Amino acid sequence: MKRGELIESLINIVLLSLLVGIAIAIVCMKDLFAVVMLAGIYGLISASFFVVMDAVDVAFTEASVGAGISTLLMLVVITMTGRTEHPTRHKPLLAIFVVVVTGGLLIYGTFDMPYLGAIDAPIHTHVAPRYINESMQEVGVPNIVTAVLASYRAFDTFGEVVVIFTAGIGVLALLSVVRRRDEDSVIDSINDSMHEQHLILRIVSKMMIPFIMLFALYVQFHGDYGPGGGFQAGVIFASAIILYVLLFGLSTARKVINQTLIQLIAAFGVLFYGCVGLVSLLNGGNFFDYNVLSSDPIAGQHLGILLIEWGVGCTVASVMIIIFFNFAGRKEFQQRNGNLIDNISKKNKGI
Amino acid sequence: MIMGLFNDWVVVVLMMIGLYIIIAHGNLIKKIVGLTIFQTSVFIFYISMAKIDGGTAPILVDGVTQYSNPLPHVLILTAIVVGIATTAVALALIVRIKEAYGTIEEEEIQEQDSQHKDSHKLNIHNSSEINRDKKEC
Amino acid sequence: MIFDLDIIRELISALFLFMGSFLCISGGVGILRFPDFYTRMHAVGVTDTLAAAMILIGLMLQNPDGLVVIKLSLILLMTLFINPTASHALAKAAFHNGLMPLIEKNKKNNSLPDKKQESEKG
């Protein structure tokens, strides 16, 4: 037991030092491509750190989001905005002063914090014991995180799903372009040239994509019993489709995946989530009180959690797909109108 | 004491590195990366608080009595996904800024903004040019 | 008898885990010591696939009955598919962007490797 704890704290120190090292490297790098790659590594290492801290659900999410989707989005943006950072002209002395003072005060503040792993820390004494001891009787789901996320704090999660949905709308409003119909011959020629270039990648990922989707569904429906749930499943499902877009081109993917349908699914997920709350309200319970959904409270809880996780999964997956499609579509739009935008920026610089 | 507070100190250091990037660097993408670092430091802070010595992951198993605190896990789990969604909006704004100004360096953008009215008019003119082009296709 | 089998299993598992960790470290040393991008990638690509396989087999032996073995073998299958493909994509991207393998004559040419992987992905 003692040796295990020693090794655990050693791993803890190594991972956290790596994080600090990567963050310092990010500060120094001028090449934005390297910065984005380092940010991806940073996400993956923080996911490993979350595993050491027993937060498996969080680690799962961070690995798929921090190391996967966010790196990808930033890469797409870099191809549109250029990959080198210009040096700043003024000296960062003031910034260093602000940062050092704030950091010093915060470190002074940490001396009042409970130590890592202390059992009697205030955070462990209020609601947590109820969740840990009672959730099996009240909700009947082994994964406490899912029980808290989908049942005890369902209203909270509803708000977060709405935020994600709103962010999807925001990206749509900022980036969506009205595009003309792609001609089949153009698509075919792009497709052929890509087929020659990426033959191995295409074949392997074509084999992998169904399994990634299957894994997403497993994560979605196994979330009650192990780490997982709608958020992770949505991101993984979206990543399968994004992989398809990367390798088979945007215009082919547009034919496979109907954008309007995806937008409808995003809205449907939020509505579905809200409707579960309304149904429990109409059945005489509180908003998101699943006990009244079925004659047996535990069965009702299971049903409620299943339904709202489904809503979360739909919304997250389709919002991620919408976001990626819009970024990629914007890039395509810029390439088509490349000369125009170049001219504008030249004019701006000329003045 | 060093081991007990090590995580908190690392959190502070990471947070300050993120803050420094946001204040001192002019490139907007770099600022977003700085924000991500800042955000992750907060995640690390919450997750470190939830840890209990000898506890396991909060998934109920027979014969285990000591579990980590599930509440911070829930808060951070949703925060991560919300974080990527808001980051995407920020990145979308950056793309539009690049289209409108031709640069994503803060100083150059401010320079363009502070120039007198003629250039300002031209900017408007340019963006309307893009809009018109959008309508055409 | 069963006790003996357990000990043998533990020993084999430990051997696999040790070999896997050793290969991981040797891959890391390879990144630092090899002169140019392709040799580095070779060191990491080859040793990592084997190392991951060995560590996974070692872990399977730790808990030979139950769902864990199935999950681990699925992970193993996935790594065997994905690792070589990723190495292939990386090497192809580097070659595509004009990074030549280091031959005796042009030894100066090895400062670019990290930067050159990009444009294909974007």
Side-chain angles (χ1 to χ4, degrees), chain A residues 9 16 20 23 27 32 35 39 46 50 53-58 61-62 65 69-70 73 77 80-81 85-86 88 92 95 99 103 106-107 110 113 115-117 119 123-124 128 131-132 136 142-145 148-149 160 163-164 167 170-171 174-175 177 180 231 323 330 337 344-345 348 351, chain B residues 3-5 7-10 12-14 16-17 19-21 23-24 26-27 29-30 33 36-37 40 47-49 51-53 56-60 67-71 73-74 76-78 80-82 84-89 91-92 94-96 98-99 102 104-105 119 126 133-134 137:
Chain A
S9 60
L16 287 175
V20 174
V27 175
L32 286 178
V35 167
S46 55
F50 294 150
M53 291 285 125
D54 295 331
V56 278
D57 283 276
V58 181
T61 321
E62 175 71 24
V65 167
I69 303 252
S70 91
L73 282 182
V77 173
M80 287 188 262
T81 56
E85 181 191 5
H86 298 199
T88 40
V99 163
L106 283 175
I107 286 191
T110 61
M113 290 286 293
Y115 290 167
L116 175 70
I119 296 176
I123 182 177
H124 302 308
Y131 291 150
I132 290 170
M136 201 61 190
N143 187 351
I144 308 173
V145 174
V148 178
L149 180 92
E160 256 130 18
V163 171
I164 293 168
V171 171
L174 282 167
L175 293 184
V177 284
R180 55 188 159 220
F231 285 99
I323 288 175
R330 192 74 185 184
N337 304 286
I344 291 167
S345 52
N348 282 351
I351 298 154
Chain B
M3 259 331 290
L5 292 178
N7 284 29
D8 294 341
W9 296 339
V10 169
V12 173
V13 171
L14 285 177
M16 288 307 117
I17 291 175
L19 187 63
Y20 175 77
I21 295 179
I23 300 175
N27 188 298
I29 298 213
K30 192 89 174 246
V33 175
T36 316
I37 294 177
T40 315
I47 299 298
S48 304
M49 280 201 298
K51 168 85 175 160
I52 292 184
D53 277 336
T56 63
I59 295 171
L60 295 168
Y67 295 100
S68 289
N69 193 336
L71 186 57
H73 295 185
V74 176
I76 296 310
L77 169 69
T78 49
I80 289 175
V81 184
V82 169
I84 177 69
T86 47
T87 306
V89 177
L91 288 172
I94 290 177
V95 170
R96 293 307 297 263
K98 168 77 179 178
E99 281 175 9
I104 52 165
E105 301 289 332
S119 62
N126 285 340
D133 190 78
K134 221 190 293 176
C137 57

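Just so we're on the same page: letters track the sequence lines, and every chain starts at 1. For clarity, every value in this text was computed on a predicted model and none was experimentally measured.
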What residue, out of A:V20, A:T110, A:V171, has the most heavy-atom pairs lying under 4.5 Å from chain B?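 Ranked by heavy-atom pairs under 4.5 Å with chain B, first place is A:T110.
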Looking at A:M53, A:M136, A:H124, which has the largest count of heavy-atom pairs under 4.5 Å with chain B?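 Maximum pair count with chain B is reached by A:H124.
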Between A:I323 and B:I84, does the side-chain contact (heavy atoms from CB on, under 4.5 Å) criterion hold? Intermediate values first, please. CA-CA 10 Å; A:I323 288 175; B:I84 177 69; over 6 Å; no
What part of [X] lies closer than 4.5 angstrom to a heavy atom of chain A: side chain, backbone, both or neither?
X: B:I80; result: both
X: B:L91; result: both
X: B:V89; result: both
X: B:I21; result: side chain
X: B:S48; result: both
X: B:V82; result: both

Answer whether the closest heavy-atom distance between the side chains of [X] and [Y] falls below 4.5 Å.
X: B:P58; Y: A:I132; value: no
X: B:V81; Y: A:E160; value: no
X: A:L175; Y: B:V95; value: yes
X: A:R330; Y: B:R96; value: yes

Non-hydrogen atoms of [X] and [Y] that approach each other most closely:
X: A:A23; Y: B:L14; value: CB-CD2, 3.8 Å
X: A:V145; Y: B:V74; value: O-CG2, 3.6 Å
X: B:K98; Y: A:T81; value: NZ-O, 3.6 Å
X: A:V58; Y: B:H73; value: CG2-O, 3.4 Å

For B:E99 and A:M80, what are the C-alpha separation, side-chain angles and deciding distance, and is it a side-chain contact (heavy atoms from CB on, under 4.5 Å)? CA-CA 9 Å; B:E99 281 175 9; A:M80 287 188 262; 5.7 Å; no
Gap between atom [atom2] of [Y] and atom [atom1] of [X] - 0.5 Å precision:
X: A:I119; Y: B:D53; atom1: CD1; atom2: CG; answer: 6.5 Å
X: B:D8; Y: A:Y115; atom1: CG; atom2: OH; answer: 10.5 Å
X: A:D57; Y: B:I59; atom1: CG; atom2: CD1; answer: 6.0 Å

Spell out, as yes or no, whether a donor-acceptor pair under 3.5 Å connects the side chain of B:N69 to the backbone of A:I123.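 The answer is yes, because a donor-acceptor pair under 3.5 Å joins these two groups.
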Counting only N and O atoms by type, is there a donor-acceptor contact under 3.5 Å from the side chain of A:E85 to the main-chain atoms of B:K30?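 A pair under 3.5 Å: no.
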Using non-hydrogen atoms only, which part of [X] is less than 4.5 Å away from chain B: side chain, backbone, both, or neither?
X: A:V163; result: side chain
X: A:S46; result: side chain
X: A:L16; result: both
X: A:L32; result: side chain

Among [options], residue most engaged with chain A (heavy-atom pairs, under 4.5 Å):
options: B:T36, B:L71, B:L19; answer: B:L71
options: B:I23, B:V13, B:V33, B:I37; answer: B:I37
options: B:I76, B:I29, B:T78; answer: B:T78
options: B:T56, B:I94, B:T86; answer: B:T56

Walk me through whether A:L73 and B:T87 qualify under side-chain contact (heavy atoms from CB on, under 4.5 Å). CA-CA 9 Å; A:L73 282 182; B:T87 306; over 6 Å; no
